[in-house]
2 protein chains.
Amino acid sequence: MSDTAISEQDQAGRPGLRERKKRLLQEAIEQAALKLFLQRGYEQTSIQDIAEAVMISPRTFFRYFPSKEEVLLGPTRAVMRAGLEYLRTLPKGQSEDEATSMALRAAMLHIAHLYQQQRHSFLLRYQIARQIPSVAAFYLYALLEAETAFCDLLQERAGGAREYGQLRLLVATHVVALRVALERWLDEGAEGDLQALVTSYLEELH
Amino acid sequence: MSDTAISEQDQAGRPGLRERKKRLLQEAIEQAALKLFLQRGYEQTSIQDIAEAVMISPRTFFRYFPSKEEVLLGPTRAVMRAGLEYLRTLPKGQSEDEATSMALRAAMLHIAHLYQQQRHSFLLRYQIARQIPSVAAFYLYALLEAETAFCDLLQERAGGAREYGQLRLLVATHVVALRVALERWLDEGAEGDLQALVTSYLEELH
DNA sequence: TTGACTTTTGTCAGTTAGTGACATTATAAT
DNA sequence: ATTATAATGTCACTAACTGACAAAAGTCAA
């Protein structure tokens, strides 16, 4: 599933046939799933249905996605991970209160940027997440995971200078501002400027 | 399941036998479940196991609780509902920005108070919620529901004077402060003063 | 208390998500 | 070609739910 121990690429470093097929199938599963979700609804679509649509066995579906929720919200989790990586690349700064806020803000804006790049995809996914509690819950858990990861990273950087609870609150409020901005942006058809919205909500936190 | 159309109580308004048995059984299911969760772990405990422990059929379990998560987090949801009711009883005030914050703060403190009253119960429940993603997700969804309910109530009161997104952010940050305070309080064995913790985190929001 | 009425319960049958084991097939490397 | 490795399908299984219906228990009025 992950990278093979050695090679399986040609000299130029291109992925081999196996790898390419895997990516293609993953993409196909996701697209078929979204199409079915849209057509008959999320809950009315079984994994069996999705598997049949791409002519694989249900067992194989689970080798690509651990759950139906992950098909829908994998990209959301990916965006949050990307935000974390972005934060990691940021210069360490002095890690004073001010610097931490700035870094967090930059990370949130980066995530907002990624959402904007794939607005159509997220618009659809979000419309489902609104209606289906299990999906909404999964989404919130993804945010919590991200929050924890952000905290851990910042904590490590600051060398324990800051009290964990305070840091957690700081991160959590930033994530909340992102979430509320996102909700509003998607509610309005994802046509506005998400980054501006995030900025204004972050401002409002003082 | 809900209140019967007529009577089924004695003159003093005491619930009848049926009602009393129902409450007793619900209590018994919950206690048995918690005991099993503690003994063998949440995921190692099936609904079958819980049903056997109180000598009912699995089908009957589901007539009392819609899911395993609800057994564990029903009380959490009840506390959030109580916070909402508390907010509802508060004098309407002028619904200016300041007044809204004050009311929200009071509601959060009221919820904190309720948590403190049942610290032992919540301590156990939370230790499970930390470890089991599906439970954590369920918990976060309960907070989101509460957040929405708070917003709707305040919105209705203000008569649409305030922009919804701003109100949502205000409520969300308050709920986040509560959540972070709660996490910390429970992490430290629920022995400190939760209300003080909530107050200090709310302060920190400015 | 009997007897009619209502609610709760158990039984049964079914759907769906998710997982481990293992044989089969497809790709990769030599 | 041949051997090694990774992907897939099949099978069997557990566990969370849900609808339908008959049996049992609680309620109430005469």
In whole angstroms, how far is the [atom2] atom of [N] from the [atom1] atom of [X]?
X	N	atom1	atom2	value
F65(B)	dT18(D)	CZ	P	15 Å
R18(B)	dA25(D)	CZ	P	13 Å
I29(A)	dA7(D)	CD1	P	13 Å

Respond yes when some side-chain nitrogen or oxygen of [X] is under 4.0 Å from OP1 or OP2 of [N], and no when none is.
X	N	result
Y64(A)	dA7(D)	no
T60(A)	dT8(D)	no
K21(B)	dA25(D)	no

No-hydrogen, no-angle side-chain donor-acceptor test under 3.5 Å, R105(B) and S101(B):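 No donor-acceptor contact under 3.5 Å links the two side chains.
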Kindly list each side-chain donor-acceptor pair under 3.5 angstrom involving residues 74-81 of chain B, sequence neighbours excluded, with atom names and distances?
| residue | atom | partner | partner atom | Å |
| --- | --- | --- | --- | --- |
| R77(B) | NE | E70(B) | OE1 | 3.1 |
| R77(B) | NE | E70(B) | OE2 | 3.4 |
| R77(B) | NH1 | E145(B) | OE1 | 3.1 |

Any Lys/Arg nitrogen of R23(B) or E27(B) sitting under 4.0 Å from an Asp/Glu carboxylate oxygen of the other?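 No, no charged N to carboxylate O under 4.0 Å.
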Classify the nucleic acid contact of L25(B) as base, sugar-phosphate or nothing, counting any heavy atom under 4.0 Å across all strands shown.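 The residue L25(B) makes sugar-phosphate contact but no base contact.
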Its contact letters, B for base, S for sugar-phosphate only and - for none at protein heavy atoms under 4.0 Å, make nucleotides 17-22 of chain C read SBBBB-
Bending between helix ends of the helix from dT1(C)-dA30(D) to dT30(C)-dA1(D) [5 pairs per end, 10° resolution]: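 Here the helix ends are tilted 20° relative to one another.
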Side-chain donor/acceptor of T173(A) to backbone N/O of L169(A), under 3.5 Å: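 Looks like yes, one N/O pair under 3.5 Å.
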